[in-house]
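First the structure, in the form of structure tokens, and then the observations on it.
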Amino acid sequence: MNLGKKQPSKRFTIKTPELNSKCLFQAGIKVKSPKILPYKSNQELNPFDLEAEELNFLYREVQSFGIGHNCSVNWNRKENWVETTFLPEFNVKDTKNDFIESDFEDPNDFKILNESLDIKNLTLFVSIGKDETIKRMFQFVDVYGKWIENQKRDNEKNTEKEKAVSKEIINRLDYNYYRLKSNIECLKNDDVFRAFQLANTAMLIQIIISNDKDFTKEEKEKSEVNKTIPYDNLKYFQEYDYSRLPFAPKYRPFQLAFLLLSIKGITEPESEERKDVVDLIWFPTGGGKTEAYLAVTAFTIVWRRMMNDETASKGVSVIMRYTLRLLTAQQFERASKLIASLEFLRRNFKEELKSETISIGLWVGNQLTPGKVEDALKAVEEIERECTKKNGRPDLKNTFQISSCPWCGTKLISENDYGFEANSKNFYIKCLNSKCTFHSEIPIQVVDEMLFKNPPTLLFATVDKFAQLAWKGESHNLFNSLDDDKLPPDLIIQDELHLLSGPLGSIVGIFESVVEQLCTKNNSKIAPKIIASTATTRNTKQQIAKLYGGRKVNIFPPSGLTYSDSFFAKESKVASKRKYIGFMPVGKTAIDTQLQLIAHLLEARIEN
């Protein structure tokens, strides 16, 4: 009982020193004993949560010696102590997605992997025959199969309880291994192999233009363009000098594997892989998920053009959906370079890839992009007015979410000139570089009205835009739903799947059934292939089933018998470069805490 001087009946502050003097600050509990045991055993069963049981098994080598209530816990195994803390720290090791020779028992496996991952060897630019390429793909997958066999041998050392849990893990490894083998068999078809080569050629060109300073690695004024570069010449890329790049263009192992895994789902519309399975790319942020599904995007677009006539192949082939507008705009720039590469190839292979432009459209909401042509016209007029001013800043008036050409890197507003053209009925973007392939028109559209009028090949959108389907009749053009002569979209890609939870997930699930119906022709019952990606996953089986009408999920790459090795991703053995710090406030709201922390972190950067 506090018998001291009476204090105001409110929280302690710096103005209530007597109350403060009777409080304990930064208090803690520390226990030291040689008999400290792990808080939980991996053998502990979770009858109502099988996924938790599996996670316990995967992380069985990582022992936890305490759990905090309104605090966290630190421990030291060497000194045998456990203590409470309000500021826990943990060094998170990186995940590596490429291999070195020491990762393999057999050096020949590393050599096989290197040959297989070289993108140029998979393109039209090499003389390696179809049989040799397919042989290398089988060898690549066989290296994965050899790793799976080692996992099975390691599993024999586990207890019966552990084997009961690991059985499902082994089954998933086998499923993906045999599915990869089956998909490589598809490459024996001449058309499939040709589409595979064209898609990889587009990916190679995209890598070149993204990393060459004379293309899009650096934005440049129109007077800074290298006039000696033959931007419109396919032979230039065929004979490209790779010393201009900081690295040799190669797939990461899981990226090539995911492309191979997707072949049947694109080329065989009635396959189980197309109709019943959602393939989920599960990889850490920055690990290359975007390139993995861009490769599948390229293959899908090429296959649609090759296998259908001029009319049927028109319209949207791929829909990419994001939950955050900022993230959408960032990824749009990367995808634009692939589309520019595909359109460049189409102009060189018109007989196979047809006459309609391969294009990309951004459909994200009128706070970021104009909804109507008249809005775009007003934005262009504002840019023009700024260009005529002595110290004008026309770049600040650019509302079109694109600042430079996705092919040559020339700024679209440069030296009092601009590449945005609009009138009362039309809007398009052109490159200011007269030598550029896209000097007349860049295959990018950002105005909603124009997207409905001329649907793009790749539609980039946020999930909320699909709510407009209920009251914007012209949106049916994005699905070819009222034209029996044209095909609906072939592929739907959902990025950052983990964000589709709670109320947002419920709403998206409702509209998802409509979207899938619009992508399914009544006379064929052929549904779109669905791919998703995430850096974090939990209860994904149930989430996918609820979002996508009962479809099963295949997480790729699947886990091995430990959290640290899935063959395609391994925990790095080098010192960690990332430190996670937890902060437990007392008597403060989450928002107040974040504001205080962010302010101090920003101040610390200035001080350092």
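Owing to the predicted nature of the structure, the values given are computational and were not obtained by experimental measurement. All values below were derived from every heavy atom in this structure, side-chain atoms included, with hydrogens, water molecules and symmetry-related copies excluded.
- Remark: side-chain polar atoms of Thr216 are paired, donor with acceptor, to backbone N or O of Ile209 under 3.5 angstrom.
- Shown here are the salt bridge (charged side-chain N to carboxylate O under 4.0 Å, His left out) partners of Asp375, two or more places apart in sequence or in another chain: there are none.
- In this structure, the side chains of Glu421 and Val380 stay at 4.5 Å or more apart for every pair of heavy atoms.
- Under 4.0 Å is where a charged nitrogen must lie from a carboxylate oxygen, and between Asp495 and Lys289 no such pair does.
- At least one cation-pi condition fails for Arg252 and Phe568: the charged atom is not both under 6.0 angstrom from the six-membered ring centre and inside a 45 degree cone around its axis.
- Residues Asp490 and Thr300 have side chains that never bring a donor and an acceptor to within less than 3.5 angstrom of each other.
- Between Thr311 and Lys486, the shortest heavy-atom contact is O-CG, 3.4 Å.
- A pairwise comparison of heavy atoms in Trp303 and Ala195 identifies CE3-CB, 3.9 Å as the closest pair.
- The aromatic ring centres of Phe258 and Tyr293 sit 6.0 Å or more apart.
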**Item:** Lys552 vs Asp279, salt bridge (charged side-chain N to carboxylate O under 4.0 Å, His left out): CA-CA, chis, key distance, verdict
**Value:** CA-CA 9 Å; Lys552 295 176 287 187; Asp279 287 314; over 6 Å; no
**Request:** Decide yes or no on ring-ring contact (aromatic ring centres under 6.0 Å, His included) for Tyr322 and Phe460, but give the supporting numbers first.
**Result:** CA-CA 8 Å; Tyr322 294 80; Phe460 238 71; 5.1 Å; yes
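- The CG atom of Leu338 sits 8.5 Å away from atom CD1 of Ile360, with the distance rounded to the nearest 0.5 Å.
- In this structure, Phe567 and Trp147 have tilted ring planes: the angle between them lies in the 30° to 60° band.
- Judged by distance alone, with hydrogens and angles left aside, the side-chain atoms of Arg347 form a donor-acceptor pair with the main-chain N or O of Thr437 at under 3.5 Å.
- A pairwise comparison of heavy atoms in Ser313 and Glu356 identifies O-OE1, 4.4 Å as the closest pair.
- Taking 4.5 Å as the limit, every side-chain heavy atom of Pro406 sits out of range of all side-chain heavy atoms of Phe438.
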**Message:** Applying salt bridge (charged side-chain N to carboxylate O under 4.0 Å, His left out) to Glu512 and Arg321, what does each step give before you reach the verdict?
**Reply:** CA-CA 11 Å; Glu512 193 56 44; Arg321 293 182 308 193; 2.7 Å; yes
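- Around the NZ atom of Lys541, the shell of radius 6.0 Å holds no more than 12 heavy atoms that belong to other residues, nucleotides or ligands.
- Heavy atoms from other residues, nucleotides or ligands lying under 6.0 Å from NZ of Lys570 number more than 12.
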**Criterion side-chain contact (heavy atoms from CB on, under 4.5 Å) on Ile444 and Ser359, from CA distance to verdict** = CA-CA 6 Å; Ile444 291 177; Ser359 60; over 6 Å; no
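- Of the possible donor and acceptor atoms, none in the side chain of Lys337 sits under 3.5 Å from a partner among the backbone N and O of Ile207.
- The shortest heavy-atom contact between Ile266 and Arg274 is O-NH1, 3.3 Å.
- Dense packing is recorded around CD of Glu310, with more than 12 heavy atoms of other residues, nucleotides or ligands lying under 6.0 Å away.
- Within the 4.5 Å cutoff, the side chain of Leu256 has heavy atoms near those of the Leu122 side chain.
- Exactly one residue among Arg60, Arg172, Lys167 makes a salt bridge (Lys or Arg N to Asp or Glu O under 4.0 Å) with Glu54. That residue is Arg172.
- Judged by distance alone, with hydrogens and angles left aside, the side-chain atoms of Gln151 form a donor-acceptor pair with the main-chain N or O of Leu561 at under 3.5 Å.
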**Item:** salt bridge (charged side-chain N to carboxylate O under 4.0 Å, His left out) between Lys314 and Asp483, intermediate numbers included
**Value:** CA-CA 11 Å; Lys314 287 184 176 180; Asp483 193 335; over 6 Å; no
**Asked** Should Lys130 and Asp190 be marked as a salt bridge (charged side-chain N to carboxylate O under 4.0 Å, His left out) after you check the CA-CA gap, both sets of side-chain angles, and the distance that decides it?
**Response** CA-CA 9 Å; Lys130 182 176 80 170; Asp190 288 343; 2.6 Å; yes
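- For Asp276, there are no salt bridge (charged side-chain N to carboxylate O under 4.0 Å, His left out) partners at least two apart in sequence or on another chain.
- Evaluated for a side chain to side chain contact (heavy atoms under 4.5 Å, CB included) with Leu342, the options Thr201, Leu198, Ile301, Thr457 yield exactly one hit, Ile301.
- For Tyr175, there are no ring-ring contact (aromatic ring centres under 6.0 Å, His included) partners at least two apart in sequence or on another chain.
- One finds no salt bridge joining Glu571 and Lys96 here, because no Lys/Arg side-chain nitrogen approaches an Asp/Glu carboxylate oxygen to under 4.0 Å.
- Using a cut-off of 4.0 Å between Lys/Arg side-chain N and Asp/Glu carboxylate O, Glu185 and Lys188 are scored as salt-bridged.
- Residue Lys163 places its NZ atom among more than 12 non-hydrogen atoms of other residues, nucleotides or ligands, all under 6.0 Å distant.
- Contact annotation: the side chain of Leu187 approaches that of Ile263 to within less than 4.5 Å [non-hydrogen atoms, C-beta and beyond].
- To the nearest 0.5 Å, atoms CD1 (Ile526) and OG1 (Thr520) are separated by 9.0 Å.
- Taking the six-membered ring for Trp and the full ring otherwise, the centers of Phe556 and Trp282 sit at least 6.0 Å from each other.
- Atom CD1 of Ile492 is separated from atom CD of Gln494 by 9.5 Å, given to the nearest 0.5 angstrom.
- Distance NZ/Lys529 to NZ/Lys264: 11.5 Å, rounded to 0.5 Å.
- The main-chain N or O of Leu497 is found under 3.5 Å from a side-chain atom of Gln543 such that the two form a donor-acceptor pair.
- Side chains of Gln197 and Arg194: a donor-acceptor N/O pair is absent below 3.5 angstrom, by distance only.
- Of the possible polar contacts, none joining the Asn480 side chain to the Pro488 backbone as a donor-acceptor pair under 3.5 Å is found.
- In this structure, Glu343 and Ile358 approach most closely via the heavy-atom pair OE1-N, 2.8 Å.
- Shown here for Asp448 and Lys465, the closest heavy-atom pair between the two residues is OD2-NZ, 3.1 Å.
- Between the OG atom in Ser506 and the CG atom in Leu500 there is a gap of 10.5 Å [rounded to 0.5 Å].
- Shown here is Lys152, whose NZ atom has more than 12 heavy atoms of other residues, nucleotides or ligands within 6.0 Å.
- At distances below 3.5 Å, not a single donor-acceptor pair connects side-chain atoms of Asp592 with backbone N or O atoms of Thr589.
- The backbone N or O of Phe344 lies less than 3.5 Å from a partner atom in the side chain of Asn348, making a donor-acceptor pair.
- Atoms NZ and OG, from Lys546 and Ser501 in turn, are 15.0 Å apart once rounded to the nearest 0.5 Å.
- Formation of a donor-acceptor pair under 3.5 Å by the Asn183 side chain with backbone atoms of Arg179 is found in this model.
- Here the side chain of Asn200 pairs a donor or acceptor atom with the backbone of Phe196 at under 3.5 angstrom.
- Between His498 and Thr534, the side chains place a donor N or O and an acceptor N or O closer than 3.5 Å (distance only, hydrogens not considered).
- Using a 4.5 Å heavy-atom threshold, the side chains of Trp407 and Ile442 count as separate.
- Salt bridge status for Arg305 with Glu352: absent, with no side-chain N to carboxylate O gap under 4.0 Å.
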